[in-house]
Amino acid sequence: MSQPRSLFSHEVADLCLGKPPLKSVSIAATVGEALSALKRLGEAFLSVWSCNHAERNNDVIVEEKCRCVGKVCMLDVIAYLGKEENLSSPTKALEAPLEVLIRREPATALVRHLEPHASLVEAMDLILEGAQNLVIPLESRRNTGLRNKLLHSNSFNPTVHNNREYCWLTQEDIVRYLLNSIGYFSHVSNNAINTLHIIDSINMLAVHYDDPASAALPLISQSLVQQTSVAILDGEGIVIGEISPYTLNTFHESVAAAIVTLSAGELMAYIDCGGPCDDQVQLVKDRLLEKKYEGLLELMEEDFTFSSSSSICSTSSDEEFGQGRSWRLGGYSARLVRRSEAIVCYPCSSLVAVMVQALSHRVSYVWVVDEDRTLSGIVTFASMFKIFRDRLRFMA
């Protein structure tokens, strides 16, 4: 087979074709304002930008360079409200600056900027350094005058920064591209994952069925950062389900009430198929009263009232979580949200089979189990990238 020149010649801009511009929120916003924007826009994620679109200096407008410093989603808000210090007064917690939800350390940045002419290899290297989303300027034919008008508008959620629109590439985007070129990697793609040393048996996030869901909250937040999930195990270490950030992100902020009152197994059932039944909702309300969490109870009542009168809204950034949104009591329509059943493979599964399995479920990981379904590890897109990156380095 000839050298795969296309893999080296393609720019990241090629992967951005057809992508919608990012909707954004300012780092100067509050948590509550970001929450309102997430609901109003129906976005799975909002990009968070640090900039003043225009400053006046001696009556001369001076544009300041804008930079995307992170992203925010509903699960960020849910996890924040579920913290012990916020349980008594969630309304007050929403007044905090959005910055409390954003990771600002460069060494752990989940969002990185990349120029459109950068290569696929450069994009993969940034992901291997820990990036989840790569912010890429869009090539646009938009009229310059209109751009400037949008740039200086007072819109709370602008799509134009630095006089440009941006999209972002995800790990899934690149894995889909690699899968389309899988023939170049046949030397490794057909190998069993246990021979490629990509099964992580140490950094697995798991809790037992009877553990309090509140104890799993730090793991849920960690799974969002790692783009994995929290496995639910029985007493023998067998995987019986998962608490997925992909699923939790489709719920209102009031699901924090379920996290602080239910067991891990109960929470898994609560979020299964996109929403709880009336008995589960009443159970959460009763326990909130027992724990004297009146603020969360009030938030839950308001949320359910809002949900019952809302309509379907599916938008651009749903591509990252792979699902549209349909507001319903306490969450979204069951037909749009996958079940809490864990996605599993076996040590003998081939790399390409695991890639297809993850992509078909719109997740970036697959649990690895033994024949008796005992959890033995996890395979992630990030670990797959190491294999493909090494192969590309060899080809070069």
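As the structure is a prediction and not an experimental result, all values here were calculated from the model. We use all heavy atoms of the structure for the numbers below, so side chains are in, but hydrogens, waters and symmetry mates are not.
Contact between Ser263 and Asp210 at its shortest, heavy atoms only, is CB-O, 4.1 Å. In terms of heavy atoms, Gly82 sits closest to Leu87 at O-CD2, 3.8 Å. When every heavy atom of Met268 is checked against every heavy atom of Gly241, the shortest pair comes out as SD-CA, 3.5 Å. Here the shortest heavy-atom pairing between Asn203 and Ile378 reads O-CG2, 4.5 Å. Residue Gln226 comes nearest to Gln132 through the heavy atom pair N-NE2, 4.1 Å, listed as atom of the first residue, atom of the second, then distance. Nearest approach of Ile174 to Ala123, heavy atoms of both residues: CD1-CB, 4.0 Å.
Among residues at least two apart or in separate chains, salt bridge (Lys or Arg N to Asp or Glu O under 4.0 Å) pairs with a member in residues 117-126 are Asp125-Arg389.
Side-chain atoms of Asn190 never come within 3.5 Å of backbone atoms of Leu351 as a donor-acceptor pair (strictly under, hydrogens ignored). Glu298 places no side-chain N or O within 3.5 Å of a backbone atom of Gly295 that could act as its donor or acceptor partner. Remark: side-chain polar atoms of Ser360 are paired, donor with acceptor, to backbone N or O of Gln357 under 3.5 angstrom. Between the side chain of Asn180 and the backbone N or O of Tyr177 there is no donor-acceptor pair closer than 3.5 Å. The backbone N or O of Leu359 sits less than 3.5 Å from a side-chain atom of Arg176, completing a donor-acceptor pair. The closest donor-acceptor contact from the side chain of Ser229 to the backbone of Ile243 lies under 3.5 Å. In terms of modelled atom types and a separation under 3.5 Å, the side chain of Asp370 and the main chain of Arg373 share no donor-acceptor contact. Panel note: side chain Thr261, backbone Ala257; a donor-acceptor pair is recorded below 3.5 Å. Remark: side-chain polar atoms of Asp390 are not paired, donor with acceptor, to backbone N or O of Ile387 under 3.5 angstrom. Between the side chain of Ser189 and the backbone N or O of Phe185, at least one donor-acceptor pair lies under 3.5 Å.
Between Trp49 and His113, the distance from one ring center to the other falls under 6.0 angstrom. Ring pair Phe381/Tyr365: centre-to-centre distance not below 6.0 Å.
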Between Val239 and Ile232, does the side-chain contact (heavy atoms from CB on, under 4.5 Å) criterion hold? Intermediate values first, please. CA-CA 6 Å; Val239 180; Ile232 305 297; over 6 Å; no
Go through the steps to decide whether Met124 and Leu178 satisfy the test side-chain contact (heavy atoms from CB on, under 4.5 Å), and finish with yes or no. CA-CA 11 Å; Met124 293 177 66; Leu178 293 173; 4.2 Å; yes
Please evaluate residues Val344 and Val368 with respect to the criterion side-chain contact (heavy atoms from CB on, under 4.5 Å), reporting the C-alpha separation (whole Å), side-chain torsions for both, the decisive distance (0.1 Å), and the verdict. CA-CA 6 Å; Val344 302; Val368 183; over 6 Å; no
Output, in order, the C-alpha distance, side-chain angles, deciding distance and verdict of side-chain contact (heavy atoms from CB on, under 4.5 Å) for Leu110 and Val225. CA-CA 8 Å; Leu110 302 182; Val225 173; 4.1 Å; yes
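Atom CD1 of residue Ile27 and atom CZ of residue Arg67 lie 13.5 Å apart, to the nearest 0.5 angstrom. Atom CG of Leu38 is separated from atom CD of Glu43 by 8.5 Å, given to the nearest 0.5 angstrom. Considering CG of Leu114 and CG of Asn133, their distance stands at 12.5 Å, rounded to 0.5 Å. A distance of 11.5 Å separates CG of Leu35 from SG of Cys73, quoted to the nearest 0.5 Å. Interatomic distance, NZ of Lys19 versus OG1 of Thr170, reported as 5.5 Å (0.5 Å rounding). Interatomic distance, CG of Leu134 versus CG of Leu126, reported as 5.5 Å (0.5 Å rounding).
You'll find the side chain of Leu375 reaches within 4.5 Å of the side chain of Met204, heavy atoms only. A 4.5 Å side-chain heavy-atom check between Lys386 and Ile198 finds every atom pair outside the cut-off. With a 4.5 Å cut-off on side-chain heavy atoms, Leu101 and Tyr80 count as touching. In this structure, the side chains of Glu165 and Pro137 stay at 4.5 Å or more apart for every pair of heavy atoms. Side-chain contact check for Met300 versus Val281: some heavy-atom pair is nearer than 4.5 Å. Taking the side chain as every heavy atom from C-beta outward, Leu138 and Tyr166 never approach each other to under 4.5 Å. Side-chain contact check for Val363 versus Tyr246: some heavy-atom pair is nearer than 4.5 Å. The side-chain heavy atoms of Ser47 and Lys23, taken from C-beta on, include no pair separated by under 4.5 Å.
Salt bridge annotation for Lys39-Glu253: present, with a cationic side-chain nitrogen under 4.0 angstrom from a carboxylate oxygen. Note on Lys71 versus Asp76: no salt bridge recorded, every NZ/NE/NH1/NH2 to OD/OE distance being 4.0 Å or above.
When only modelled atom types and interatomic distance are considered, Gln282 and Asp278 share no side-chain donor-acceptor pair under 3.5 Å. There is a side-chain donor-acceptor pair under 3.5 Å between Gln171 and Gln227.
Heavy-atom neighbours of Glu84 CD from other residues, nucleotides or ligands within 6.0 Å: at or below the threshold of 12.
The cluster map of Ile, Leu, Val, Met, Phe, Trp and Tyr, joined by side-chain heavy atoms under 4.5 Å apart, puts Ile238 and Tyr209 in different clusters. Residues Tyr270 and Leu289 share a hydrophobic cluster, clusters being chains of Ile/Leu/Val/Met/Phe/Trp/Tyr side chains in contact below 4.5 Å. In the hydrophobic clustering of ILVMFWY residues, with side-chain heavy atoms under 4.5 Å counting as a link, Val356 and Tyr184 come out together.
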